[in-house]
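First comes the structure, then the notes that go with it.
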Amino acid sequence: MTGDPPAGTGDPGATGGDQRTGAWDLLLTGGEVLDPGTGRAGRYDVAVRGGRIAEVDASLPTGHATEVVDVRGRLVTPGLVDLHTHVYGGATYWGIDPDPVAWRSGVTTWVDAGSAGAYSFPAFATAAAGYRVRVPALLNISAVGLVAPVGESRELAHCDVDLAVTTARAYPETIVGFKVRMDRHNVGDHGTEPLRRAVEAARACGLPVMVHIGAAPPSVAQLLPLLRPGDVITHCASGIAAGPTGFDSAAREAYQAGILFDIGHGSGGFAFDVLEAQLAAGMPPHTVSTDLHSRSLHGPAFDLPTTMAKMLAVGMGLHQVVAAATVGPARVLGLGGGIGTLAPGAPADIAVFAVDRQPFEVVDVHGQRRTSPLRLVNERTYRAGRALPARLAAPVPPWIPLTAAQREALLRRERAVRDLLTSPLVGPDGLAEQFPRHGG
């Protein structure tokens, strides 16, 4: 997990920036704070010192801050926590670089969900330490991790419990749980054995297990006896896992047993009708995550704010959805230290959003459409008190399938960025003589 760097001067180019010397490095003033972890909801100022939240109050003196940013009319939340991502870019089939998405989405904590197993975890930890965002990880019970699309647990020798436990204990600050993909494409003829081994390793380390569900066998009913309260079912609203009825009665049993439900949208794991059936049964998801990876980044998941809009589209409330993308996932994994909140002393991970209240059409992985009453448009993301800089994404890997529309949209985006960067930044009137010919 990357540490919390010392605070800098924030975003010196921010509108309303006011450079002074004071007790705080940064002060966000006048925003509408929504922080389910502390219960704050309303207009508050947020002060940052040394990379951590210093104070949150209805009115704080601007003269005490080195930088003041006016966020009136904006929603201020804790930095979002995405419980299910894949950020081992360049080393796995699914991996992406999180930084080009983080700065424009408000996600400051990216939980990597099993990209690496024991064989490659040291290299993964080195890569993750280089990101600007925080990257706790779930260790794949298969030592080979996700180098290929599927199949990591078809060879049971890869699911080495002792090796997994040894690896988890070697990285106690980074590994916060275990991951296993339980569908016929990944376990072959081994049934529930990979899950049994993941739970054995997790029990030895006192950590939770995240279980990917999909095409049976095994079914949720077969997995349930092995799961413990506090373990996580991701892709909880999967149409593929739910089968033709759209509602798996075993899911209700799992929910009532204390198994936690995570959305894990991805490219194949989220169906509106399944989620709506679960909501009607009193089973809202405990956490909202993207399963953002190389095949979902350009659609249908896109990013966490878009996934959150899909929850709003089926009737979940904004407070409920923000909780499920901040303090909720932080508590599920025991991240501690105030992560997912704006509590004084917590890391100053902060997201600033404009709230677009125009109806926003959204789609699940099967083409079902709904309309969200609003969407959150990120305007600034702070990690440990520093505004994340703009980053451009890497080209799409050649093995990723894209529609013609997706390819054309990517080309339009590239042309737009090129047009912005090839034009001079300002005209003659926007310049000053830096080195006068006749000095005084």
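The first residue in the sequence is number 1, and the count goes up from there. These numbers were taken from a predicted model, which means no experiment stands behind them.
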Is any side-chain heavy atom of [Y] closer than 4.5 Å to one of [X]?
{"X": "Phe272", "Y": "Lys310", "value": "yes"}
{"X": "Val220", "Y": "Glu253", "value": "no"}
{"X": "His212", "Y": "Asn186", "value": "yes"}
{"X": "Thr234", "Y": "Asp291", "value": "no"}
{"X": "Pro78", "Y": "Leu342", "value": "yes"}
{"X": "Phe124", "Y": "Val135", "value": "yes"}
{"X": "Tyr255", "Y": "Ile233", "value": "no"}
{"X": "Tyr382", "Y": "Leu26", "value": "yes"}

Check your understanding: So which of Arg375, Arg370, Arg369 actually passes salt bridge (charged side-chain N to carboxylate O under 4.0 Å, His left out) with Glu361?
Key -> Arg369
Between [X] and [Y], what is the shortest heavy-atom contact and its length?
{"X": "Gly338", "Y": "Ala346", "result": "O-CB, 3.4 Å"}
{"X": "Ser294", "Y": "Gly95", "result": "CB-O, 4.2 Å"}
{"X": "Leu374", "Y": "Ser372", "result": "O-OG, 2.6 Å"}
{"X": "His286", "Y": "Leu260", "result": "ND1-CA, 3.5 Å"}
{"X": "Pro208", "Y": "Leu333", "result": "CG-CD2, 4.0 Å"}
{"X": "Val48", "Y": "Gly385", "result": "CG1-CA, 3.9 Å"}

Test item: [X] side-chain N/O and [Y] main-chain N/O as donor-acceptor pair under 3.5 Å:
{"X": "Asp82", "Y": "Thr85", "value": "no"}
{"X": "Ser120", "Y": "Ala116", "value": "no"}
{"X": "Gln222", "Y": "Ser219", "value": "yes"}
{"X": "Lys179", "Y": "Leu138", "value": "no"}
{"X": "Arg184", "Y": "Ala216", "value": "yes"}
{"X": "Asp99", "Y": "Arg132", "value": "yes"}
{"X": "Ser289", "Y": "Gly264", "value": "yes"}
{"X": "Arg49", "Y": "Trp24", "value": "no"}
{"X": "Thr341", "Y": "Ala343", "value": "yes"}
{"X": "Ser142", "Y": "Cys159", "value": "no"}

Check your understanding: Does atom CG of Asp419 have more than 12 heavy-atom neighbours from other groups under 6.0 Å away?
Key -> yes
**Study point:** Atom CZ of Arg228 with >12 non-hydrogen neighbours under 6.0 angstrom
**Key:** yes
Review point. Between His235 and His84, does the ring centre distance come in under 6.0 Å?
Key: yes
For [X], check side chain to side chain contact (heavy atoms under 4.5 Å, CB included) against everything at least two apart and list the hits.
{"X": "Ala102", "answer": "Trp110, Val133, Leu388"}
{"X": "Pro329", "answer": "Val81, Leu83, Thr287"}
{"X": "Thr108", "answer": "Asp349, Thr381, Arg383"}

**Study point:** Criterion side-chain contact (heavy atoms from CB on, under 4.5 Å) on Tyr93 and Leu146, from CA distance to verdict
**Key:** CA-CA 7 Å; Tyr93 175 90; Leu146 302 182; over 6 Å; no
**Study point:** Residues that Phe353 engages under ring-ring contact (aromatic ring centres under 6.0 Å, His included), provided they are two or more places apart
**Key:** none
Check your understanding: Would Arg407 and Val396 satisfy side-chain contact (heavy atoms from CB on, under 4.5 Å), going step by step from the backbone distance to the final call?
Key -> CA-CA 10 Å; Arg407 292 186 184 281; Val396 180; over 6 Å; no
Enter the distance from [X]:[atom1] to [Y]:[atom2] here, rounded to the nearest 0.5 Å.
{"X": "Phe247", "Y": "Arg252", "atom1": "CZ", "atom2": "CZ", "value": "4.5 Å"}
{"X": "Glu67", "Y": "Leu28", "atom1": "CD", "atom2": "CG", "value": "8.5 Å"}
{"X": "Phe121", "Y": "Asn140", "atom1": "CZ", "atom2": "CG", "value": "11.0 Å"}
{"X": "Arg295", "Y": "Ile96", "atom1": "CZ", "atom2": "CD1", "value": "14.5 Å"}
{"X": "Ile175", "Y": "Leu139", "atom1": "CD1", "atom2": "CG", "value": "4.5 Å"}
{"X": "Asp303", "Y": "Asn378", "atom1": "CG", "atom2": "CG", "value": "9.0 Å"}

Practice item. For side-chain contact (heavy atoms from CB on, under 4.5 Å), just list the numbers for Val176 and Leu335, CA-CA rounded to whole Å, side-chain angles, deciding distance to a tenth of an Å, and then say yes or no. Key: CA-CA 8 Å; Val176 293; Leu335 298 183; 4.0 Å; yes
Revision key, fill the gap. Sorted by chain and residue number, the side chain to side chain donor-acceptor pair (under 3.5 Å) partners of Arg154 (sequence neighbours excluded) come out as none
Review point. Is there a side-chain contact (heavy atoms from CB on, under 4.5 Å) between Val144 and Glu155 once you walk through the steps?
Key: CA-CA 10 Å; Val144 300; Glu155 172 55 69; over 6 Å; no
Exercise for review: Go through Glu408 and Arg415 one step at a time and tell me if the salt bridge (Lys or Arg N to Asp or Glu O under 4.0 Å) criterion holds.
Suggested key: CA-CA 10 Å; Glu408 177 56 32; Arg415 287 194 292 266; 3.1 Å; yes
Point to revise | Residue pairs, two or more places apart or on separate chains, that pass ring-ring contact (aromatic ring centres under 6.0 Å, His included) and touch residues 291-333 | key: Trp94-His293
Check your understanding: Between Arg203 and Glu200, does a salt bridge (Lys or Arg N to Asp or Glu O under 4.0 Å) hold up when you go through it step by step?
Key -> CA-CA 5 Å; Arg203 184 176 289 113; Glu200 182 181 348; over 6 Å; no
